[in-house]
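First up is the structure itself, then whatever we jot down about it.
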Amino acid sequence: MSKYRNIVWFLKAMQEYTRGGYETASRNFLAKDLSVNLDGQSFMITGANSGIGKATAMAIAKKGGTVHMVCRNKERAESAREDIVKEAGNNNIHIHILDLSETRKVWEFAEDFKSKHTSLNVLINNAGSMLNIREVNFEGLEKNFAINTLGVYILTKGLIPLLEKNTEPRVITVSSGGMLVQKLRITDLQTEKRMFDSTMVYAQNKRQQVVMTEEWARTYPRIHFSVMHPGWADTPAVAMTMPQLYESLRCRLRTPEQGADTVIWLAVSPAAARTPSGKFFQDRRMVPVHLPLAWTRYSREKARALMVRLETLAKRVQPSGGRSQLNSPAIETTGSLQDCINKAA
């Protein structure tokens with residue numbers, strides 16, 4: 001079945017994820033959707049110093065939005081900020097240095113941000129990782145999982161109280177179409193028991209992001225949640241983590257701006273706000289989260305069990321004396337993972 005998924009997915013990807021796929025889809029885009037003034041609105045973008053994150057920050061800055069760039073590397077962040085300020089003519093661009101692989105610091109960052117800022121309209125979870133060998137952070141968590149899944153979970157949940165203070169708040173998570181080849185796993189989240197395949201680990205993390213988005217949409221109806229696939233874009237991350245794919249398809253890759261288009265649309269467009277919360281998007285339209293006949297569907301109980309596991313892991317790395325309360329009333333966090341599955345059933 002996994003071979004079938006990979007073949008079907010690759011055929012789909014070659015048609016839809018390339019620059020040609022974007023150009024075809026964009027014929028149906030409405031220019032008025034992005035004709036908005038963002039003055040007075042604030043946006044947080046992780047991984048904002050290059051690629052899709054930078055393109056998103058640039059577009060929002062040009063429309064007058066206040067941008068909070070959350071980046072790992074200070075020098076690259078400062079260089080990107082200079083470019084954005086110069087081109088957009090917007091000085092309301094702020095840098096925050098955070099390594100999302102250091103899970104405890106994600107907690108601390110969210111709490112500190114809430115203590116210093118009274119408003120956040122949109123959170124864009126763009127930063128991602130695909131380390132080719134298994135590495136663990138200071139808490140003993142596998143780094144891809146820590147960045148792509150648990151870090152996104154902690155940052156989003158930590159900032160929800162601030163987002164809910166605003167009118168029509170949004171959370172957008174940049175996922176990947178690669179998640180379509182993966183069934184949801186709620187055990188061995190850190191790839192301790194099976195062979196480490198970085199591509200599949202990344203795809204599994206992206207599947208987990210889709211599930212998180214679906215569950216958040218149910219739990220927090222005041223916030224519009226969405227998750228999206230940017231297509232195959234010519235970014236430093238793709239060149240570094242998938243060099244063979246990058247070289248073989250370089251002439252067919254999307255530009256960072258094309259990859260960022262749906263992120264921007266989801267973040268600012270009134271049309272996007274009218275779509276159902278919790279959905280998966282590609283090129284400004286909702287698309288299925290499963291391939292036909294691929295046997296990747298999961299039950300609501302399994303999705304809830306994932307959220308319970310993430311809640312438990314998040315609380316384990318919470319700094320002592322932390323003020324945030326991550327767990328929602330809809331999620332029970334006691335007992336073993338199997339207990340949670342049984343109770344949900």
Side-chain angles (χ1 to χ4, degrees), residues 34-102 105-130 147-148 151-152 154-156 158-159 162-163 166 169-174 228 230 233-241 254-269:
L34 299 185
S35 297
V36 294
N37 183 342
L38 303 178
D39 185 46
Q41 297 189 48
S42 59
F43 300 76
M44 179 183 291
I45 307 170
T46 64
N49 62 273
S50 68
I52 290 169
K54 183 179 178 182
T56 301
M58 181 72 78
I60 289 171
K62 286 182 176 180
K63 298 177 185 300
T66 295
V67 178
H68 294 278
M69 302 172 60
V70 180
C71 307
R72 183 180 63 176
N73 185 287
K74 183 177 180 181
E75 291 182 2
R76 293 177 184 172
E78 290 176 343
S79 176
R81 182 186 182 278
E82 289 179 9
D83 292 342
I84 294 168
V85 170
K86 181 178 180 180
E87 187 171 333
N90 183 345
N91 287 310
N92 291 321
I93 314 298
H94 309 282
I95 293 174
H96 307 270
I97 303 303
L98 174 67
D99 186 340
L100 285 165
S101 73
E102 299 181 21
K105 290 187 178 180
V106 179
W107 265 104
E108 295 171 344
F109 169 76
E111 293 305 308
D112 184 65
F113 189 88
K114 285 188 294 186
S115 71
K116 295 178 179 177
H117 299 84
T118 58
S119 176
L120 180 65
N121 298 91
V122 180
L123 168 63
I124 300 173
N125 292 308
N126 166 72
S129 170
M130 191 171 76
I147 295 170
N148 299 328
V152 171
I154 293 172
L155 182 62
T156 302
L159 293 176
L162 186 57
L163 287 160
N166 294 275
R170 311 184 194 190
V171 174
I172 300 99
T173 300
V174 179
M228 59 79 65
D234 188 348
T235 66
V238 173
M240 180 177 66
T241 59
R254 301 180 178 200
T255 66
E257 290 73 22
Q258 291 171 338
D261 177 82
T262 298
V263 184
I264 299 161
W265 181 81
L266 288 167
V268 309
S269 168

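Note that the structure is a prediction, hence the values are computed from the model and not measured. These numbers come from the heavy atoms of this one structure, side chains and all, not from hydrogens, waters or symmetry mates.
One N or O on the side chain of N73 and one on the backbone of R76 form a donor-acceptor pair closer than 3.5 Å. In terms of modelled atom types and a separation under 3.5 Å, the side chain of R254 and the main chain of P230 share a donor-acceptor contact. Side-chain atoms of S79 never come within 3.5 Å of backbone atoms of E75 as a donor-acceptor pair (strictly under, hydrogens ignored). Between the side chain of N90 and the backbone N or O of V85, no donor-acceptor pair lies under 3.5 Å. Within the 3.5 Å criterion, the main-chain N or O of L162 finds no donor-acceptor partner in the side chain of K114. The main-chain N or O of I45 is never found under 3.5 Å from a side-chain atom of N126 such that the two would form a donor-acceptor pair. Of the possible donor and acceptor atoms, one in the side chain of R81 sits under 3.5 Å from a partner among the backbone N and O of I93. With R170 contributing its side chain and L266 its backbone, the two residues share a donor-acceptor pair below 3.5 Å.
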For residues 58-72, tabulate all N or O donor-acceptor pairs below 3.5 Å that involve a side-chain atom, not counting sequence neighbours.
residue, atom, partner, partner atom, Å
K62, NZ, E87, OE2, 2.8
K63, NZ, L34, O, 2.6
H68, ND1, H96, NE2, 2.9

- [ ] Carefully, step by step, assess T235 and I52 under the rule side-chain contact (heavy atoms from CB on, under 4.5 Å).
- [x] CA-CA 7 Å; T235 66; I52 290 169; 4.3 Å; yes
Take D99 and K105 through the test side-chain contact (heavy atoms from CB on, under 4.5 Å) and record every step on the way to the result. CA-CA 8 Å; D99 186 340; K105 290 187 178 180; over 6 Å; no
query: Run the side-chain contact (heavy atoms from CB on, under 4.5 Å) check on L123 and L155 step by step: do they pass?
result: CA-CA 9 Å; L123 168 63; L155 182 62; 4.2 Å; yes
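By the 30° and 60° cut-offs, the orientation of the rings of F109 relative to F113 is tilted.
Scanning for salt bridge (Lys or Arg N to Asp or Glu O under 4.0 Å) contacts around D39 gives an empty result, with sequence neighbours left out.
In this structure, a donor-acceptor pair under 3.5 Å is present between the side chains of S119 and N166. Checking T255 against D234 by side-chain atom types alone, no donor-acceptor pair falls below 3.5 Å.
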